[in-house]
Amino acid sequence: MNLRKAVILISPLIALPLIALFETTAPSTIRFEDIAPRAGVKFTADNSATPTRNQIETMLAGVAVLDYDGDGLLDLYFVNGAAIPSLHKSDTKYYNRLYHNNGNGTFTDVTEHAGAAGSGYGMGVAVGDYDNDGRPDIFLANVGSNQLLHNNGDGTFTDFTAKAGLAGGLLDGKKMWSAAAGWFDYNNDGNLDLFVSNYCTWQVNQDPFCGAAGNRTYCHPRLYGSLHNSLYRNNGDGTFTDVSEETGIAKSFGKGMGVSFADFDGDGFMDVFVANDTTPNFLFHNLGGKAFEEIGLSAGVAYAEDGIPLSGMGSDFRDVNNDGLPDIWHTAVELQTFPLFLNRGRGRFIDATVRSGLGRQSRGMSGWSNGIMDFDNDGWKDLFVARGNVQDNVSATGTDRLCPEPNSVFRNLANGRFEDVSARAGESLQLAALHRGAAFGDLDNDGRIDVVLTVLNGPAKVLRNVSQSSNHWILLRLVGSKSNRMGLGAQIKITTPDGASQYNHATTSVGYAGSSDSRVHFGLGAASRIAEIEIRWPGGIRQIVRDVAADRVVSIEERQTQ
Amino acid sequence: MIVPLIALLLAQVNPVPDAERLKTAQQLMDSGRYAEAIPALKALVARHPQSPTLRYGLGRCYFEVEDFPNAVSILRKVANETPKSAEVRFFLGSALGLGGNFAEAIQELRNAMQLDPSFEPAFRAFGMFRVQSGAHSEDARNALEAALRLDPKDARAHYWLGKYHQGWGNTDQARECFERAYELDHNDLPTRLGLAQTLLADGELDAALAHFDTVLKQEPGLVPALVGQARALYDKGEAKAAQAPAEAARRGALAFEDMSGAEWLLSRIYRELGRDADAQAAEQRLTRIQTDLGADVVRLRELNSQAERFKAAGRPDKVVETMQAFLKIRETPGAQITLGDAFLALGRPEDAERCYVRASQIGPLTDALKDRLRLVREPGAKR
């Protein structure tokens with residue numbers, strides 16, 4: 001096999017550095033700048049705030065980065081609310097919005113042309129190519145009926161919800177409020193299946209009264225009933241079957257928020273982590289693609305260190321310490337911490353929140369979407385969290401808390417500890433707002449992971465990563481053949497010439513309610529070449545690509561045989 | 001604070017045997033033998049019922065021996081007779097608070113602060129009871145900071161300000177306060193415990209362990225210290241060493257948080273040690289705790305603080321609604337009294353009486369409750 005043939009340069013415009021002058025990794029500074037205003041991104045997540053404090057108002061909204069038109073550039077998709085009490089998008093201000101990446105640092109709103117405005121009160125978005133036609137489709141997790149927007153390949157989308165049977169699970173005859181979703185191939189049959197996290201029982205304008213007279217607040221989630229999550233098996237013909245019951249997913253009731261996937265035990269089947277809000281987190285262990293066993297408690301990821309359930313929000317499930325085992329980092333709210341669960345193998349995780357320094361640093365924060373990404377390309381994945389208080393009037397409740405919060409980035413110090421470097425990460429990161437959603441991806445293919453954020457009742461942010469460093473990088477665009485076309489679930493190990501290895505996997509399900517770049521990113525530090533890339537495709541094929549130059553987007557097609 | 005009774009009273013009290021009794025009582029109080037002073041003062045009070053100073057002394061003795069119901073009963077009368085005394089209000093408020101009646105305690109202490117803005121103990125006690133009752137409100141912090149302006153060396157005020165910050169998760173500030181309190185008083189166990197907890201949260205495991213060890217040497221069964229010690233050891237990777245304190249914590253835990261914390265830690269420790277069956281048992285117990293107690297505890301706390309907010313906002317109708325929801329989950333004398341007070345504020349003394357009677361049936365018939373019953377049974381009663 002000619003290994004070079006498998007490596008296709010997708011992005012020829014990217015300039016290669018002449019020579020890596022230094023063979024050591026220079027200390028880097030992570031910096032972002034908000035380019036949304038000049039990029040023409042003018043999206044506001046409108047929650048239709050009411051005096052009766054409907055719980056849904058504080059929970060939106062997700063955001064996705066996806067290359068919907070196949071031009072090699074990530075476009076943006078924002079989820080939006082709707083009118084209350086109708087829960088209909090009765091005004092254009094409630095439309096979800098699709099922004100096309102023009103490739104010159106600007107974006108164009110193409111929502112109407114694309115037919116991507118969505119319907120109902122939106123929460124989350126999940127991007128996946130469910131029909132393996134090479135074009136990413138959009139699933140919308142809504143309060144009311146969920147939606148599947150099929151990508152027609154001509155810049156437009158068609159609502160295939162009814163045909164697909166993905167309108168949403170019912171409990172006691174009522175559609176469950178869906179908060180987030182993710183695509184993955186749980187049975188490795190080559191078709192992407194769909195996991196939907198459902199939040200809580202709720203009816204419009206029926207929330208209990210919480211707070212004080214004159215200062216009503218959103219109620220504690222404990223005052224609402226729990227729901228089970230939903231799993232839909234892709235039948236391969238454009239339809240799905242709800243297999244929540246038969247796979248055991250429906251046995252566990254919680255208040256599902258962020259959902260993330262990884263094969264934590266290396267058995268070749270993707271497992272599911274769900275951050276639950278005030279109920280114990282779930283870790284659904286995939287039993288050979290046939291069923292799931294909820295093992296959050298025995299694995300050690302159900303609770304924070306004090307044995308009390310946290311207000312779990314966003315989650316990401318990746319290897320933060322380069323030991324080849326995916327770890328879990330999830331966000332929570334003020335007075336809690338953002339727990340980091342390190343995978344110790346044999347189905348056990350240890351809570352490393354305190355020893356990593358994250359306990360102290362995250363305690364006063366309210367976090368929503370989050371991601372484990374190498375923002376400075378030093379070969380160690382860092383942490384980013386979108387922050388904002390749950391209450392938009394918390395400062396009026398006699399506390400020290402502020403409603404808007406700035407976002408935070410924690411740099412991986414490569415020694416098990418993380419440092420909050422937000423203060424020197426640029427002015428944009430100092431600006432407080434009611435941040436909610438965050439999606440991660442390289443918008444300009446410069447090898448630096450950018451972040452797109454939603455703000456409740458405020459302008460969205462496009463944080464361009466402008467970190468200066470001489471570190472190298474690579475972005476892998478996977479193309480499945482036996483496996484699903486997007487290669488979601490593929491597990492990748494890279495080894496640089498110095499013998500160091502890193503691990504990551506392909507997933508769009510990152511953080512809370514959002515969908516991130518399906519391409520797999522690695523920061524390479526001083527290494528300008530990769531000695532070996534090993535890919536374990538979800539279909540079972542193990543593929544090795546050797547001697548790959550860095551600083552480019554590389555497309556890798558799945559081989560047909562081992 | 002020692003009560004200088006004798007100079008005040010010698011002029012008033014006669015004949016000579018009473019003066020002797022008084023001198024003896026004063027000496028006993030001065031030497032901290034309050035229980036022994038009580039009989040002498042009771043006799044004096046019986047002979048001189050018109051003297052608020054004598055009753056104050058008796059009330060103080062009851063306070064010092066932690067007989068708070070009697071202290072409240074006596075100090076309340078003294079407070080009515082000497083409405084300008086910040087000191088009397090302070091002790092009355094403190095006795096009320098230590099007896100668990102935070103709402104009235106806060107009111108009395110607020111009066112004391114207003115009567116004498118330089119009377120530091122009232123500020124400290126006000127902040128303390130606000131924090132202790134779970135109301136980590138701005139007035140608590142203001143009072144404690146005022147106390148520290150008046151007396152920067154008040155270790156207890158530093159400690160309670162630390163607790164205030166700890167309650168808000170402001171561990172940096174909490175730690176500063178605990179460190180200051182510790183500098184001023186190395187022997188105070190709660191201070192060492194608070195400091196140890198903040199050090200643990202900051203990941204300074206060895207320093208935390210040193211304080212937990214000291215606390216446990218003096219209070220071997222103190223559950224929060226056992227949990228902290230076990231957690232610090234576990235975080236250091238010493239699961240085997242963490243096992244004993246975690247098991248001791250589990251055996252001693254009564255509070256929901258301690259029970260949950262101990263079981264969860266034990267399950268992690270057992271997993272680390274490969275004792276999967278023991279881990280599973282701990283996990284099952286934890287699930288039971290969370291299921292049976294967790295939801296109720298959180299809900300009751302919410303309802304309680306909600307009722308407090310409605311009360312402060314002058315909405316007794318909402319207090320009634322809230323406390324009725326509370327009582328559906330759990331019946332406590334305090335909840336019945338709060339409901340009764342709200343009924344009374346709404347001009348419904350019959351309903352209030354029913355609540356007070358019920359409170360007396362399921363809890364002690366305290367003086368405060370007696371006062372309330374008297375009030376509602378008066379003709380035309382209305383607060």
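Letters A, B, ... are given to chains in the order of the sequence lines, protein chains preceding strands, and every chain is numbered from 1. The model shown is predicted, which means the values in this text are computed figures rather than measured ones.
- To the nearest 0.5 angstrom, A:Leu223 atom CG is 7.5 Å from B:Leu303 atom CG.
- Within the 4.5 Å cutoff, the side chain of A:Leu297 has no heavy atoms near those of the B:Gln284 side chain.
- Using a 4.5 Å cut-off between heavy atoms, A:Arg346 does not touch chain B at all.
- Considering all non-hydrogen atoms of both residues, A:Arg363 and B:Ala201 come closest at NH1-CB, 3.0 Å.
- With a threshold of 4.5 angstrom between heavy atoms, B:Glu263 does not approach chain A through any atom at all.
- Proximity to chain B (any heavy atom under 4.5 Å) is shown, for A:Ala352, by neither the backbone nor the side chain.
- Across all their heavy atoms, A:Gly307 and B:Ser260 have their closest contact at O-CB, 3.5 Å.
- Residue A:Phe349 touches chain B through its backbone alone, counting heavy-atom pairs closer than 4.5 Å.
- Side-chain contact check for B:Asp235 versus A:Glu305: some heavy-atom pair is nearer than 4.5 Å.
- Annotation: side chain of B:Glu272 is in contact with side chain of A:Arg344 (closest heavy-atom distance under 4.5 Å).
- The aromatic rings of B:Trp264 and A:Tyr303 sit perpendicular, their planes meeting at an angle over 60°, well past the 30° parallel limit.
- Here B:Gln306 contributes atom CD and A:Thr217 contributes atom OG1; the two are 8.0 Å apart, rounded to the nearest 0.5 Å.
- No side-chain heavy atom of A:Ile350 sits under 4.5 Å from any side-chain heavy atom of B:Arg271.
- Taking CG of B:Asp172 as the reference point, atom CD of A:Gln361 lies at 10.0 Å (rounded to 0.5 Å).
- For the pair B:Gln290 and A:Pro280, the minimum side-chain heavy-atom distance is 4.5 Å or more.
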